[in-house]
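Below: one structure, written as C-alpha cells.
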Amino acid sequence: MLQKLLLPVIVFIIVLIGLTFGEGVFTALAQWLSQITGIVIYNFQDLYWTISLYVSRHPVKIVVAILITAVVCVWIYKNKGEEMNNQANSRKIAIFLAIFLGWLGAHRFYAGHIGMGLLYLFISFIWLPLSVFLGLVDAVRYIFMNDEEFKANIKA
C-alpha cells in the first residue's frame, strides 16, 4: 500500500519541478540545500518556510501539478500495474529511493520498515552526513541482493 502511495508523491515532485523549470527555482533549491546540509540541522523550520513561501507564490502551478500527477498515476496503474508488483522492479525502486532519498529513510518506509525509516529521519535531524552514508550503504546492499532475499526483506 505504501508503495502505491509513494509513486504519486514522486511523480508530483517531478512534475512540479518540471513546471517551475527556468524560473530560478533550482538556484533557490541549491541555496536552501546548502543551508540545511551543514553538520547539524537545527530543525525543519527552514523546510516549512521554504515550502510555504513556494505554495503562496505558485498556487496555480501546484494545482496543475496535482492534476498532471493524477492523470499520470492513473495511466501508470492502469497500464503498468502488474509490472509494479514485480519484485525486480520493487528492488529497483528501493535502490533509487536509497540513493536519492536514503537520508530521509524513504527506502525503509517503502520496504515497510517504519521504525527504521523514523530512525533515519531522526539521524538526519541530528547528523545528516551519517544518514546519507547509511542510505548509500543500504543502496549497495539492495544492489547485491537477489530477488528472493529482497522479497524476504520487504514487509507487505
Side-chain angles (χ1 to χ4, degrees), residues 1-21 25-51 54 62 65-66 68-70 72-156:
M1 172 99 178
L2 188 60
Q3 297 169 351
K4 291 189 177 187
L5 292 176
L6 197 56
L7 179 68
V9 171
I10 292 170
V11 171
F12 175 75
I13 291 170
I14 291 169
V15 169
L16 197 57
I17 289 172
L19 287 173
T20 58
F21 184 78
V25 170
F26 291 111
T27 304
L29 181 64
Q31 290 172 352
W32 177 72
L33 285 175
S34 70
Q35 290 175 353
I36 67 165
T37 55
I39 299 299
V40 176
I41 297 177
Y42 295 106
N43 57 32
F44 288 102
Q45 189 173 14
D46 289 339
L47 176 63
Y48 170 77
W49 288 113
T50 303
I51 291 172
Y54 185 84
I62 292 172
I66 289 171
I68 292 172
T69 300
V72 168
C73 288
V74 166
W75 179 82
I76 289 172
Y77 290 142
K78 188 175 185 180
N79 295 322
K80 305 288 183 183
E82 291 299 319
E83 291 179 30
M84 287 177 61
N85 293 332
N86 186 354
Q87 286 298 323
N89 288 337
S90 292
R91 195 173 68 150
K92 290 175 188 174
I93 292 170
I95 291 168
F96 177 83
L97 289 172
I99 291 171
F100 293 106
L101 295 174
W103 60 280
L104 289 173
H107 62 292
R108 292 296 189 153
F109 287 114
Y110 178 77
H113 304 137
I114 306 301
M116 286 299 290
L118 292 173
L119 180 65
Y120 273 68
L121 283 174
F122 180 74
I123 292 171
S124 69
F125 184 73
I126 300 299
W127 195 42
L128 187 63
L130 178 61
S131 65
V132 170
F133 176 74
L134 292 174
L136 293 175
V137 167
D138 281 344
V140 171
R141 269 190 39 236
Y142 292 158
I143 289 170
F144 289 109
M145 278 183 183
N146 60 30
D147 289 337
E148 291 80 26
E149 290 173 333
F150 183 77
K151 184 179 180 182
N153 188 35
I154 292 272
K155 291 181 181 177

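Because only heavy atoms are used, hydrogens play no part in the values below, and waters and symmetry mates are left out as well, while side chains stay in. Along the sequence shown, residues carry numbers from 1.
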If every non-hydrogen atom of Phe100 is compared with every non-hydrogen atom of Trp103, which pair is closest and at what distance?
O-NE1, 3.5 Å
One should read off an interatomic distance between Phe144 CZ and Ile95 CD1, to the nearest 0.5 angstrom, of 10.0 Å
OH of Tyr142 to CG of Leu97, rounded to nearest 0.5 Å, is 9.5 Å
Partners meeting side chain to side chain contact (heavy atoms under 4.5 Å, CB included) with Leu118 (sequence neighbours left out)
Phe109, Ile114, Leu121
Pairs in or reaching into residues 122-135: which pass salt bridge (Lys or Arg N to Asp or Glu O under 4.0 Å), with residues at least two apart or in two chains?
none
According to salt bridge (Lys or Arg N to Asp or Glu O under 4.0 Å), does anything in residues 94-105 pair up with another residue at least two apart or in another chain? List the pairs.
none
Please set out all donor-acceptor pairs under 3.5 angstrom arising from side-chain atoms of residues 128-138, sequence neighbours excluded.
unit_1 : atom_1 : unit_2 : atom_2 : d
Ser131 : OG     : Leu128 : O      : 2.9
Asp138 : OD1    : Arg108 : NH2    : 3.4
Asp138 : OD1    : Arg141 : NH1    : 2.6
Asp138 : OD2    : His107 : NE2    : 2.8
Asp138 : OD2    : Arg108 : NE     : 3.1
Asp138 : OD2    : Arg108 : NH2    : 3.2
Asp138 : OD2    : Tyr120 : OH     : 2.4

